[in-house]
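Please read the structure below before turning to the comments.
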2 protein chains.
Amino acid sequence: MTRAEAGRVRRPAALRREQILSVAADAFAVAGFRGTSLAEVAAKVGVSQPGLLHHFGSKEVLILAVLEQRDLADEEYVEARLEGVDATTRDWLMAFCRRNETQPGLVRLFTVQAAESLDPAHPAHDFFFERNQRVRNRIEQLVSRDQEKGIVPASLDQAGTAVELVALMNGLQLQWLRDPSVDMCGIFEAGLRRLEVR
Amino acid sequence: MTRAEAGRVRRPAALRREQILSVAADAFAVAGFRGTSLAEVAAKVGVSQPGLLHHFGSKEVLILAVLEQRDLADEEYVEARLEGVDATTRDWLMAFCRRNETQPGLVRLFTVQAAESLDPAHPAHDFFFERNQRVRNRIEQLVSRDQEKGIVPASLDQAGTAVELVALMNGLQLQWLRDPSVDMCGIFEAGLRRLEVR
DNA sequence: GTCTATAAAATGATAGAC
DNA sequence: GTCTATCATTTTATAGAC
């Protein structure tokens, strides 16, 4: 690095943090946690590597901040869109799917991190275990409510259905990321129809 | 490393290669390509790191050798088991699923590498793209043959079905690796039944 | 076939000035 | 809030002896 880059623009901490989270999310999505260096993220943000660590104390803190922030923002978006609309299981899941279709970067972040974090030594190992349970529970509740309404067969096993739907969605995301010609939402919707989840 | 480890046992190249492939497969399965160091693999094999590179010229060569060898061995196993048995789509897929249930290490290797290799810079990027197409084509053929036999609805879209089944399988593997209490084969079989793939 | 030695580069993190 | 300087490690790969 040359002298030319010294004395960079000073920004409010909150703004800088947002900026770092954004760049880091893209980097972790492409190269994973281990394949991403702090220096690379710092360079793209336009600060030095110690400058980055001033805002996030360590690489572990950074990845967790990225995942939690992105997860929260996304959930809020979908919940807001369906607020008041007594949404069915299908409404809720398809809203997520369509939203995902517009955000390959986000999908990639979670797909790559979900696999990488299978390692108990990965900083987000517990995060993904809990996240998976949370999502499954949410789907079980939705299915249960739809069964009470009589729009989904009472015979359907809630827990098994939740696992199956999450699996289908995750698997479709992986194939779609590898080959964008895959009709992620179309195939997911067909799967829902076959389950008679409407 | 101390002097005590010098002058290690000399082995036939073929044997040493097998040994390295085995240890490397486990390491890449746990920590991924980028999270695994050659030194770590070498140590577990019981050779020096340059000793390892004598057999596989680089880390890239090693990961590709691991994936190709494991993929081939597994496919051969299932094909051999179903040889002569005019196997249906269901037979073939369930044979793989049950086989996988006994080999979490292998499943993990491919699950982790499949995600990590989404990065075009990953050495196995093309490998996984082609592998996915190969698997999908194989399933399309099986479904097509079952449709001719009349045991699978002619209305079923072959390409879409292949994508859906691969997605379901991959997604179930991910959840099963994270939480072994997930009934991977049971849920997959239920999915097949709903597709009327028998 | 295996080793020691070493190069050459990259990485995460800390200390301290401004 | 940001930087320079620097440390301590780690990592892939090569050279050359046995």
Side-chain angles (χ1 to χ4, degrees), chain A residues 1-24 27-28 30-66 113 116-117 119 121-124, chain B residues 1-24 27-28 30-66 116 119 121-124:
Chain A
M1 289 299 165
T2 65
R3 224 80 218 301
E5 285 165 355
R8 265 179 275 234
V9 190
R10 196 186 175 99
R11 300 209 183 285
L15 177 62
R16 195 57 105 188
R17 283 178 59 98
E18 294 255 341
Q19 213 182 346
I20 292 171
L21 285 175
S22 169
V23 171
F28 288 138
V30 170
F33 175 70
R34 294 188 159 111
T36 299
S37 75
L38 294 177
E40 168 196 340
V41 173
K44 281 186 187 149
V45 168
V47 298
S48 68
Q49 183 250 13
L52 191 162
L53 282 176
H54 169 73
H55 297 278
F56 297 91
S58 73
K59 199 182 177 186
E60 290 203 11
V61 168
L62 180 58
I63 181 70
L64 285 174
V66 165
Q113 290 303 308
E116 197 178 13
S117 71
D119 183 358
H122 190 287
Chain B
M1 288 303 163
T2 65
R3 224 80 218 300
E5 284 165 355
R8 265 179 274 233
V9 190
R10 195 186 175 101
R11 301 211 183 283
L15 177 62
R16 193 57 103 187
R17 283 178 59 97
E18 294 255 341
Q19 212 182 347
I20 292 171
L21 286 175
S22 169
V23 172
F28 287 138
V30 171
F33 175 70
R34 294 188 158 111
T36 299
S37 75
L38 295 177
E40 170 196 341
V41 174
K44 280 186 188 150
V45 169
V47 299
S48 68
Q49 183 251 11
L52 190 162
L53 282 176
H54 170 73
H55 298 278
F56 299 90
S58 73
K59 199 181 175 186
E60 290 204 10
V61 168
L62 179 58
I63 181 71
L64 285 174
V66 165
E116 196 177 13
D119 183 359
H122 190 286

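Numbered from 1 within each chain, the chains take letters A, B, ... in sequence-line order.
Residues B:V47 and B:L52 come closest through the heavy atom pair CG2-N, 4.0 Å. Across every non-hydrogen atom of B:P123 and B:L64, the tightest pair is O-CD2, 3.7 Å.
Along DNA chain C, the nucleotide nearest to A:G57 and the one nearest to A:S37 differ in position, and the one closer to the 5' end is contacted by A:S37.
In terms of the side chain to side chain donor-acceptor pair (under 3.5 Å) criterion, residue partners of A:Q19 (sequence neighbours excluded) are, by chain and number, A:R16. Among residues two or more places apart in sequence or in another chain, the side chain to side chain contact (heavy atoms under 4.5 Å, CB included) test is passed with A:T36 by A:A27, A:F28, A:A31, A:E40, A:V41. Residues forming a side chain to side chain donor-acceptor pair (under 3.5 Å) with A:E116 (at least two apart in sequence, or on another chain): A:Q113.
A:L62 contributes atom CG, which lies 9.5 Å from atom CZ of A:R17 (distance to the nearest 0.5 angstrom). Taking CG of A:L38 as the start and CZ of A:F56 as the end, the distance is 11.5 Å to the nearest 0.5 Å.
Within the structure, no pair that satisfies the side chain to side chain donor-acceptor pair (under 3.5 Å) test touches residues 46-59 of chain B, not counting sequence neighbours.
For DNA chain C, the residues of residues 45-55 of chain A within the heavy-atom distance limit of 4.0 Å (strictly under) are A:Q49, A:P50, A:L53, sorted by number. Listed in residue order, the members of residues 10-18 of chain A having a heavy atom less than 4.0 Å from DNA chain D are A:R10, A:R11, A:A13, A:R16.
To the nearest angstrom, C1' of C:dA10 lies 17 Å from CZ of A:R34. Protein atom CZ of B:F56 is 12 Å distant from nucleotide atom P of C:dG1, rounded to whole Å. Between B:L38 atom CG and C:dA10 atom P there is a gap of 17 Å when expressed in whole angstrom units. In this structure, CD1 of B:I20 is placed 10 Å from P of C:dG1, rounded to the nearest angstrom. In this structure, CD of B:E40 is placed 15 Å from P of D:dA13, rounded to the nearest angstrom.
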